[in-house]
Every structure is written in structure tokens, then in C-alpha cells.
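These notes concern the structure reproduced below.
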Amino acid sequence: MKAVIPAAGLGTRFLPATKAQPKEMLPVFNKPTIQYVVEEVVNSGIDDILIITGKGKRTIEDHFDKSFELEYRLEKKGKTEYLKEVQSISNMADICYVRQKKQNGLGDAISCAEKHVGDEPFAVLLGDTITYSKTPCTKQLLDVYEKYGGSTIAIERLPQEKIERYGIVDGTLMEDNIYKVDNLVEKPKLEDAPSNLGITGRYILTPDIFDKLKEIDAGVGGEIQLTDAINEQDNVYATTFEGTIYDIGNTMEWLKSSIDMALTYDDVRPEIIEHMKNKINEY
Ligand code: G1P
């Protein structure tokens, strides 16, 4: 299976940090956001990745490329740990890139993957969203896909204030945490939302999505919406997953993700906790 990572969005919500760098390259504790996404793909057993980029996204390609000069210098200075780390990033997976020519929505970005993906189901992971879980989120989705066979979407229960920013699922519960999707609504008004189950940015899609993307009209925001194309597919499933998801395009979630990721390191945790205790006392 192949994975597609759309990373062409502007990052407006994170200005000015994203004025001259892609939001996907913002560090979460010690790694750029998109490295977590690529690691999720690899840890789910997929090693063929297509990243959809756009204007101003070249540092993403540089990050996953081999850096001869840096490696040479690290080797000369005997910095073996850093050298290994840097080499592992460029050896992680086969990564190809295609540029979305015009900002015309997530659906349009996914259309750019048609030639690379062909007639096979594929995974989609939004490049500005990271997940933290024991079993990678995409692997959990694949398990549901293997059982039911249709396009499968990861969802989470949203608090009211977030509903208007997400695609929302209207579904029928099939078994624990798995819904058959009856309808999807992209960014509804709170009063029109069919549930509080929000699409989180992880999908397994069957290849008929490419035809559906050609058939649909522009939706919310005048853009081609992936949600609208999935709505045209038969047999779509949605599942909550075990773990946490962070939308890095949102400054507060980015900050929380950095703290949470730092806390996963045994050698860093005590210092962070100490710091937070001091801050709590201070405020
Ligand atoms: C996209 C999808 C939306 C989904 C969201 C998750 O919206 O269109 O359905 O809920 O990602 O982050 P965007 O955030 O690109 O506007």
C-alpha cells in the first residue's frame, strides 16, 4: 500500500511562524511535524510515500534528502549519534513529491496523487496533524479497512467549539467504535452538525475516490473538498482510535503536543514536570 501526505496548505493560523517556512516543518519538541507523520506511515508497515507539496515547501524535501555536507561534518567531528539520526531520516522510506499547482482544497490536493497511487487503496495522513498512540493510528485504520473493505476514516469526539472547523460524520454504530457512514458534512454550523464525531486527518481510501473527486463541485470555501468526494462513495466506515491527535496548525494544540512529546522521554520528563510545577505556583 502507498501513503499520501498532503502538505500544501498555507498555515495561515500559525502566522507569523509560517511566513517563510511550511507549517509541516514546525518542530514538535525535537522533530519537525512531518517527520512524526512519516514515522507513523513507516510504523504502520508502509514505505512508499507521496507528499503533496506546493509553493514554499522545499525544506520538506531537503529534510528527507541525504545531506552529504552535514554528514561529512558530523563524521569529521565524531558526532556519531547525530550522524546516525540524520542518516536514518533520509533512509526511512521511499518518498516522492508532487506539487499542487493551485490552492484549491484538500480534495484537489488528493487528485494530484492519482498517477502515483493508481488503482489501489491508499492511506492519507494530513501533514499538519500528528498522532500519539501505542499502535499507530494508520495501522488501527488498516485493521478496520481489512475487516470491512470500504474507505475508512479516523474520527474523534469533538467539543462543541471545534465542530465548525471539522468534517462531521453521520453514522450508524456497527460495533464498538466503528460506524457505517450515512453522510458526511464538511464544516457544518453547530446547529446543523449531525453528531460530534469529527474527521481527524487519517483516512484509508479506495481508488474510486479519484473519479468522485472529478465529479463533485466546489464545496465549503469554494474549494474541492475531500469530504464531499468520500460522501459519494459506497461503503464508507469511520472509527475512533486509541490515542491522541494534535492539529499542529493550531498554536495551542502545537504547544500541547510539544509538551506531551517531551514528556514521553524519560530523561526529559523530570525537568519538564519541575518547570510546570514552578509555573503553576507562579501563576
Ligand atoms: C480537513 C478536512 C476536514 C477534517 C480536517 C481535520 O480540513 O477537510 O474534514 O476534519 O481536515 O483536520 P482543513 O483542516 O484542511 O480545513
Side-chain angles (χ1 to χ4, degrees), residues 4-15 18 22-24 26 28 33-34 36-37 40 51-54 57 100 102-113 123-132 137-138 141 151-171 179 181 183-190 192-205 209 212-213 216-233 236-241 243-254 256-257:
V4 174
I5 304 179
L10 280 180
T12 333
R13 288 177 295 157
F14 220 126
L15 283 167
T18 50
K23 58 179 166 175
E24 295 80 8
L26 291 170
V28 170
T33 301
I34 197 157
Y36 289 91
V37 181
E40 180 184 329
I51 301 184
I52 318 279
T53 66
K57 302 281 183 170
Q100 185 187 18
K102 193 178 150 212
Q103 294 271 338
N104 199 18
L106 179 59
D108 181 66
I110 296 300
S111 299
C112 302
V124 171
L125 300 88
L126 300 192
D128 62 355
T129 303
I130 65 172
T131 62
Y132 182 71
C137 175
T138 295
L141 272 189
S151 284
T152 307
I153 310 167
I155 49 172
E156 67 173 335
R157 289 191 186 284
L158 297 174
Q160 281 201 350
E161 66 274 14
K162 277 188 167 183
I163 291 209
E164 297 190 1
R165 295 202 328 248
Y166 283 73
I168 305 294
V169 173
D170 184 3
Y179 296 80
V181 172
N183 192 27
L184 299 172
V185 196
E186 180 68 11
K187 302 191 174 74
K189 289 241 169 309
L190 181 59
D192 300 330
S195 73
N196 64 348
L197 300 171
I199 303 174
T200 63
R202 295 294 185 266
Y203 314 74
I204 306 295
L205 297 176
I209 194 71
K212 306 294 183 198
L213 281 165
I216 59 167
D217 295 324
V220 172
E223 297 186 330
I224 302 294
Q225 297 292 347
L226 180 61
T227 306
D228 296 342
I230 299 173
N231 222 4
E232 297 300 313
Q233 292 187 296
V236 177
Y237 299 89
T239 179
T240 52
F241 72 101
T244 316
I245 191 143
Y246 306 91
D247 170 11
I248 302 304
N250 174 299
T251 43
M252 201 40 101
E253 279 195 44
W254 164 81
K256 287 179 188 167
S257 70

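Numbering of ligands and ligand atoms starts at 1, following listing order. These values consider heavy atoms only, across backbone and side chains, with no hydrogens, waters or symmetry-generated copies. A quick note: this is a predicted structure, and the numbers were derived from the prediction, not measured. Nothing fancy with the numbering, it's 1 onward along the sequence.
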Answer yes or no: is there an ion pair linking K57 with E24, defined by an N-O contact shorter than 4.0 Å?
yes
Tell me, please: is R165 in heavy-atom contact with ligand 1, that is, under 4.0 Å?
no
Taking the side chain as every heavy atom from C-beta outward, state whether P6 and I110 have any atom pair closer than 4.5 Å.
yes
Return the residue, atom name and 0.1 Å-rounded distance of the protein heavy atom closest to atom 11 (O) of ligand 1.
L126 CD1, 3.4 Å
Starting from atom 9 (O) of ligand 1, locate the nearest protein heavy atom and write down its residue, its atom name and how far away it is, to 0.1 Å.
E186 OE1, 2.7 Å
Do N196 and Q160 pair up side chain to side chain, a donor and an acceptor below 3.5 Å, judged on atom types alone?
no
Any chance the side chains of S151 and Q233 put a donor and an acceptor closer than 3.5 Å?
yes
To which protein heavy atom is atom 1 (C) of ligand 1 closest, and what is the distance rounded to 0.1 Å?
L106 CD2, 4.0 Å
For atom 6 (C) of ligand 1, what's the nearest protein heavy atom and its distance?
I199 O, 3.4 Å
Are W254 and F14 an aromatic pair, judged by ring center distance below 6.0 Å?
yes
Exercise: do E40 and T138 side chains pair donor with acceptor under 3.5 Å:
yes
Would you call L226 a ligand 1 contact, heavy-atom distance under 4.0 Å?
no
Of all the non-hydrogen atoms in the protein, which one sits nearest to atom 15 (O) of ligand 1, and at what distance?
K187 NZ, 4.7 Å
